[in-house]
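Here's the structure, in structure tokens; my notes come after.
A, B, ... follow the sequence lines: proteins, then strands. Residue 1 opens every chain. Computed over heavy atoms, backbone and side chain alike; hydrogens, waters and symmetry mates excluded.
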Amino acid sequence: MSKGLPKQSEDFPGWYQEVVKQAGMAEHGSARGSQVIKPYGYALWENMQRALDDRFKATGHENLMFPLLIPYSVLAREEEHLEGFSAEVWTVTQGGGKELEEPLAIRPTSEATIWSAYSNWIQSYRDLPLLYNQWCNVMRYELRTRLFLRTSEFLWQEGHTAHATRDEAWEEALQMLEIYREVAEDILCVPVLAGRKSEAQRFPGADETFPIEGMMRDKRALQCGTSHFLGQNFSKAYDVKFLTDQGEQEYAWGTSWGWSTRMVGGTVMAHGDDKGLRLPPAVAPTQAVIVPIYKTDDERTRVLEVATKIKDGLVGNGVRVKVDDRDQHRPGFKFAEWELKGVPVRMELGPRDVEADHVVMVDRVTGEKRTVATDSAIADMASVLNAVQKALRDDATAFRDANTHEAATFDEVREGVAAEGGFWITPWCGDAQCEEKVSAETSASIRVLPLEREDPGGPCLVCGNPGTERATWAKAY
RNA sequence: CGGGACGUGGCGCAGUUUGGUUAGCGCACUGGUCUGGGGGACCAGGGGUCGCCGGUUCAAAUCCGGCCGUCCCGACCA
């Protein structure tokens with residue numbers, strides 16, 4: 001653990017890299033672009049994973065596992081899909097030291113293998129819907145990598161569903177988008193815009209892509225999760241037909257949806273400050289830490305005894321809590337370290353506190369320090385954690401709102417994006433050429449369009465033709 | 001993949017321009033004493049062959065070539 005972080009305002013990328021490293025979340029693997037997720041980062045991932053998985057199960061989905069390797073010819077069957085991914089695909093050409101007859105692609109995503117299996121699994125409308133999900137690793141060849149945000153290999157969840165009707169598939173895609181929104185906002189405290197992608201930004205092979213987009217503390221956007229309505233594109237490419245109750249052959253309707261370890265980085269960047277991480281209590285690996293303070297051995301014994309009692313009480317209430325009884329560090333050092341690691345609540349317990357039967361409680365989000373009776377420190381911890389959760393969400397929401405602007409003209413967006421960053425909402429005609437022009441000149445892209453088209457209230461910012469969309473532009477990760 | 005910077009104990013760096021004895025420093029680490037309510041002090045220790053490969057030379061961390069990797073900006077992307 002080294003001392004000090006670059007200031008966010010002076011060097012945000014440097015701050016991010018350092019905080020991820022110093023907090024013990026991840027580091028680079030020995031192959032280019034790979035990453036080692038360390039226990040503290042992995043614990044955060046497990047907690048968000050659980051929040052998602054519980055919701056998937058509650059909505060009737062089952063987990064399964066498909067192979068990492070996909071025969072190249074299988075991947076190539078959906079043209080648009082292959083075209084979209086070809087630059088990112090890793091291919092295995094040898095096995096056992098010999099050239100393979102057919103190269104194997106390492107999955108960049110699994111639509112291809114899964115739909116080729118679905119063609120065997122689906123015969124009748126009675127076989128539908130298929131509501132499956134897998135937690136797995138995928139690989140994409142990447143030229144520029146950053147821990148969590150973009151690495152060659154990453155962990156994610158990919159849901160793949162097949163339905164008998166268009167409407168049902170459409171509803172499924174939106175339902176999963178809503179689950180992502182809920183986990184992002186309620187669990188991770190990251191306010192997001194949920195909506196549609198423009199055609200240019202759509203997933204290769206999808207008819208419609210629905211993202212949730214959050215704002216990071218450098219005012220850039222991060223796509224936090226995506227749900228796709230696949231129409232019949234994959235069922236046609238992989239020949240997934242079923243017999244309807246009318247006795248007719250029809251192609252199945254599909255969705256797919258994913259959320260990745262990228263969101264660990266998103267949580268870091270959406271909430272962190274110059275002291276380090278600020279983790280949402282709902283997913284923080286450690287929700288509360290007790291720092292004992294003592295001079296003599298006798299004091300140490302007495303303080304640790306009470307600290308352990310408080311810990312046991314909290315554990316009994318389901319709180320993830322630690323007593324930091326390391327003797328090689330002094331309290332001040334521990335305070336700074338737990339702040340760096342973003343633990344939501346810290347309790348300081350010294351001889352004077354033990355004497356008075358109270359603890360000093362410090363909130364990582366507001367920095368507020370107060371003295372609390374030992375009993376209520378245990379009994380009220382759940383509501384304290386809820387309050388921290390809310391404070392973090394309110395803070396992130398206020399930040400996002402303060403950096404979201406309406407604009408009418410190209411000039412406003414160009415200057416706004418360059419000078420201030422953040423989200424810029426404008427009327428847009430829906431034409432890809434106008435979109436491309438803005439992106440080329442500002443390096444901002446359309447992050448999201450409203451789910452239901454809204455009156456943009458003016459002409460397109462580029463061509464001046466009637467606006468048909470309210471587009472939100474931003475620089476993105 | 002294009003432009004820029006860089007690679008020296010676990011981490012951060014100096015030394016490289018003007019090759020030359022046992023490669024230094026801070027932090028971290030180990031043992032000890034004093035300490036302990038916001039990143040402690042002192043004493044004594046252990047650890048590197050200078051990203052990798054090759055070349056030039058009496059001699060290479062230092063010069064030359066190739067490769068690998070990292071960071072920043074850009075294009076592409078979860």
Please measure how far the [atom1] atom in [N] lies from the corresponding atom in [M], and state the result in whole Å.
N      : M      : atom1 : value
G20(B) : C29(B) : C1'   : 34 Å
U62(B) : G51(B) : P     : 8 Å
G55(B) : G12(B) : C1'   : 33 Å
G31(B) : C50(B) : P     : 31 Å
C42(B) : U22(B) : C1'   : 28 Å
U16(B) : A75(B) : C1'   : 35 Å
G47(B) : C25(B) : C1'   : 15 Å
C73(B) : C27(B) : C1'   : 31 Å

Categorize [X] for me: base, sugar-phosphate, or nothing, with a 4.0 angstrom heavy-atom threshold over every strand shown.
X         : answer
Ser260(A) : base
Gly258(A) : nothing
Leu149(A) : base
Arg146(A) : sugar-phosphate
Gly266(A) : nothing
Asp353(A) : base
Gln17(A)  : sugar-phosphate

Identified pairing partner of [N], criterion: Watson-Crick or G-U wobble below 3.5 Å:
N      : answer
G48(B) : none
G2(B)  : C73(B)
U17(B) : none
G7(B)  : C68(B)
U33(B) : A41(B)
A23(B) : none
A60(B) : none
A28(B) : none

Of the options [options], whose atoms approach the side-chain atoms of [X] most closely?
X         : options                : value
Pro351(A) : G38(B), G37(B), G39(B) : G37(B)
Lys21(A)  : G39(B), G38(B), G12(B) : G12(B)
Gln223(A) : U70(B), A78(B), G12(B) : A78(B)
Arg140(A) : C71(B), A78(B), G37(B) : A78(B)
Arg32(A)  : G37(B), G39(B), U70(B) : U70(B)
Leu143(A) : C1(B), C71(B), A78(B)  : C1(B)
His329(A) : C29(B), C73(B), C71(B) : C29(B)
Arg262(A) : A78(B), G74(B), G37(B) : A78(B)
Thr151(A) : A78(B), G36(B), G38(B) : A78(B)
Tyr294(A) : G37(B), G36(B), A78(B) : G36(B)

Restricting to pairs with a member in residues 271-292 of chain A, which pass side-chain hydrogen bond (donor to acceptor under 3.5 Å, both in side chains), not counting sequence neighbours?
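For residues 271-292 of chain A, and leaving out neighbouring residues, the side-chain hydrogen bond (donor to acceptor under 3.5 Å, both in side chains) pairs sorted by first residue read Asp273(A)-Arg364(A), Arg278(A)-Asp395(A).
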
Would you check if there is a donor-acceptor pair between the side chains of [Y] and [X] at a distance under 3.5 Å?
X         : Y         : result
Thr472(A) : Glu213(A) : no
Glu158(A) : Asn133(A) : no
Thr255(A) : Trp257(A) : yes
Gln22(A)  : Lys341(A) : no

It should be established whether [X] places a side-chain nitrogen or oxygen under 4.0 Å from OP1 or OP2 of nucleotide [N].
X         : N      : value
Arg144(A) : A78(B) : no
Arg330(A) : A41(B) : no
His28(A)  : C71(B) : yes

Please answer whether A78(B) and Phe154(A) are stacked, defined here as ring centres separated by less than 5.5 Å and planes angled under 30°.
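Aromatic stack with A78(B) present for Phe154(A).
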
Does anything in residues 179-203 of chain A form a ring-ring contact (aromatic ring centres under 6.0 Å, His included)? List the pairs, not counting sequence neighbours.
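As it turns out, the ring-ring contact (aromatic ring centres under 6.0 Å, His included) pairs with a partner in residues 179-203 of chain A, which skip direct neighbours, are His81(A)-Phe203(A), Phe85(A)-Phe203(A), Tyr180(A)-Trp259(A), Phe203(A)-His228(A).
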
Kindly say whether the aromatic ring centers of Trp170(A) and Phe210(A) come within a distance under 6.0 Å.
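Here the rings of Phe210(A) and Trp170(A) have centres that are less than 6.0 Å from each other.
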
So, Phe410(A) versus Trp473(A), ring centres under 6.0 angstrom or not?
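No - the distance between ring centres of Phe410(A) and Trp473(A) does not fall below the 6.0 Å cut-off.
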
For Thr296(A) and Arg447(A), find the nucleotide of RNA chain B closest to each by heavy atoms; which residue's nucleotide sits nearer the 5' end?
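By nearest-heavy-atom nucleotide position, the 5'-most residue is Thr296(A).
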
Of Ala440(A) and Phe148(A), the one whose closest RNA chain B nucleotide lies more 5':
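The residue closer to the strand's 5' end, by nearest nucleotide, is Ala440(A).
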
Donor-acceptor pair (no angle test) under 3.5 Å: Glu339(A) side chain, G38(B) base
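Counting by modelled atom types and ignoring angles, a donor-acceptor contact under 3.5 Å is found here.
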
